[in-house]
Number of protein chains: 2
Amino acid sequence: MTKPLETRFDADDIAQAERYLAEEPPAEIDPRVERLVNDLIGRIADKWTLLLLELLEEKGTLRFTAIGRQVDGISQKMLTQTLRQMERDGLLTRTVHPVVPPRVDYALTPLGNSLSAAFCGVWVWAERNLETVEAARARFDARD
Amino acid sequence: MTKPLETRFDADDIAQAERYLAEEPPAEIDPRVERLVNDLIGRIADKWTLLLLELLEEKGTLRFTAIGRQVDGISQKMLTQTLRQMERDGLLTRTVHPVVPPRVDYALTPLGNSLSAAFCGVWVWAERNLETVEAARARFDARD
DNA sequence: TGCTATACGTACCAAAAGGTGAGAAATGAC
DNA sequence: GTCATTTCTCACCTTTTGGTACGTATAGCA
């Protein structure tokens with residue numbers, strides 16, 4: 001996280017996340033739907049996806065190399081792959097400007113913004129409980 | 001998801017998630033902390049961790065084989081590995097009963113519960129936007 | 001005297017994920 | 001003419017991940 005949370009999540013994002021949390025869940029769940037949801041969770045719960053989501057939420061529209069420079073440790077291959085996947089899932093738009101050298105802009109869609117907002121609580125949790133987790137690990141590793 | 005969300009997240013969980021969302025974020029972030037948070041996110045944003053978290057939140061205390069039976073597709077090895085990792089991170093407790101045959105109970109700690117609550121918004125998002133994502137994929141795959 | 005049940009550890013192997021480096025395509029700067 | 005620029009794709013290789021199968025300990029039961 002390069003900026004405080006308020007830079008990345010505005011009042012609307014937080015309001016939407018709260019609406020999600022307050023909302024009535026569906027009464028019964030089709031096992032077929034269940035499988036698809038687990039599948040979807042498996043897809044979006046990916047390190048690079050999460051980091052790109054966060055970055056684009058914070059910075060808005062960015063081009064390929066700019067993203068690469070700002071996400072520490074990502075290889076070009078992973079960047080291309082993750083962006084393509086997110087585009088396929090409808091999380092971001094990819095705009096190719098037919099100029100030379102090529103210029104491609106990436107930006108979150110409303111769907112991408114809503115996912116980012118949904119993850120807001122997880123980021124906050126991670127920030128708040130970082131030390132607790134570190135301490136738990138130290139304790140675990142210490143006992144024999 | 002085998003049960004509606006209200007089965008897994010009670011009013012307290014949701015209230016806590018809302019408190020997270022409403023809360024003031026820290027003003028500035030140490031790059032060292034940033035690295036650790038990204039690291040932590042990478043660790044918990046794992047398919048099996050998420051599914052175990054969900055299951056234990058829903059069912060409470062469970063023993064090893066019971067978990068294995070209820071999480072579709074997990075191998076014994078992955079189950080052991082994921083449980084051990086979660087225990088190390090302080091997300092769950094492992095209680096060995098010295099009986100024969102052995103009996104080991106797993107249950108979430110308050111920290112585990114809070115993480116589960118933090119993921120509440122993501123589950124809701126996945127449920128609500130499943131069809132949107134599927135449609136986006138179909139559209140993406142269709143255009144040559 | 002086997003046989004079963006439970007919760008693993010471990011060794012070996014296959015599959016998947018990911019890194020690296022080359023190349024492609026077109027144009028403006030030198 | 002050639003060099004850099006940008007956004008990739010592709011092929012090759014290494015690393016990581018995960019599956020399978022087998023071993024272990026021990027009390028109760030037939």
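Within the 4.0 Å cut-off from OP1 or OP2 of C:dA7, not a single side-chain nitrogen or oxygen of B:Arg103 is found. Considering only side-chain N and O atoms, B:Arg94 lies under 4.0 angstrom from the phosphate OP1 or OP2 of C:dC8. Look at B:Thr65 and you'll find a side-chain N or O under 4.0 angstrom from OP1 or OP2 of C:dA7. In terms of phosphate contacts, A:Arg84 brings a side-chain nitrogen or oxygen within less than 4.0 Å of OP1 or OP2 of D:dT9.
The side chain of A:Gln81 has C:dG18 as its nearest neighbour among D:dC8, C:dG18, C:dA5. Comparing atom distances between the B:Val104 side chain and each of C:dT6, C:dA7, D:dT9 picks out C:dA7 as nearest. Across C:dA7, C:dG19, D:dT7, the shortest atom-to-atom separation from the side chain of B:Phe64 is found for C:dA7.
Of the residues near DNA chain D, A:Val100 and A:Leu83, the one whose nearest nucleotide (by heavy atom distance) lies more toward the 5' end is A:Val100. Between B:Lys77 and A:Arg63, the residue anchored closer to the 5' end of DNA chain D is A:Arg63, taking for each the nucleotide with the nearest heavy atom.
Classified by interplanar angle (parallel below 30°, tilted 30° to 60°, perpendicular above 60°), the ring pair A:Phe64/A:Tyr106 is tilted.
Between A:Val133 and B:Leu111, the closest side-chain pair of non-hydrogen atoms falls below 4.5 Å. B:Asp89 has its side chain out of reach of A:Phe140: every pair of non-hydrogen atoms, C-beta onward, lies at least 4.5 Å apart.
The distance between atom CD of B:Gln76 and atom P of C:dT10, rounded to the nearest whole Å, is 13 Å.
Between B:Asp141 and B:Arg139 there is no salt bridge, since none of the side-chain N atoms of the basic residue sits less than 4.0 Å from a carboxylate O of the acidic one.
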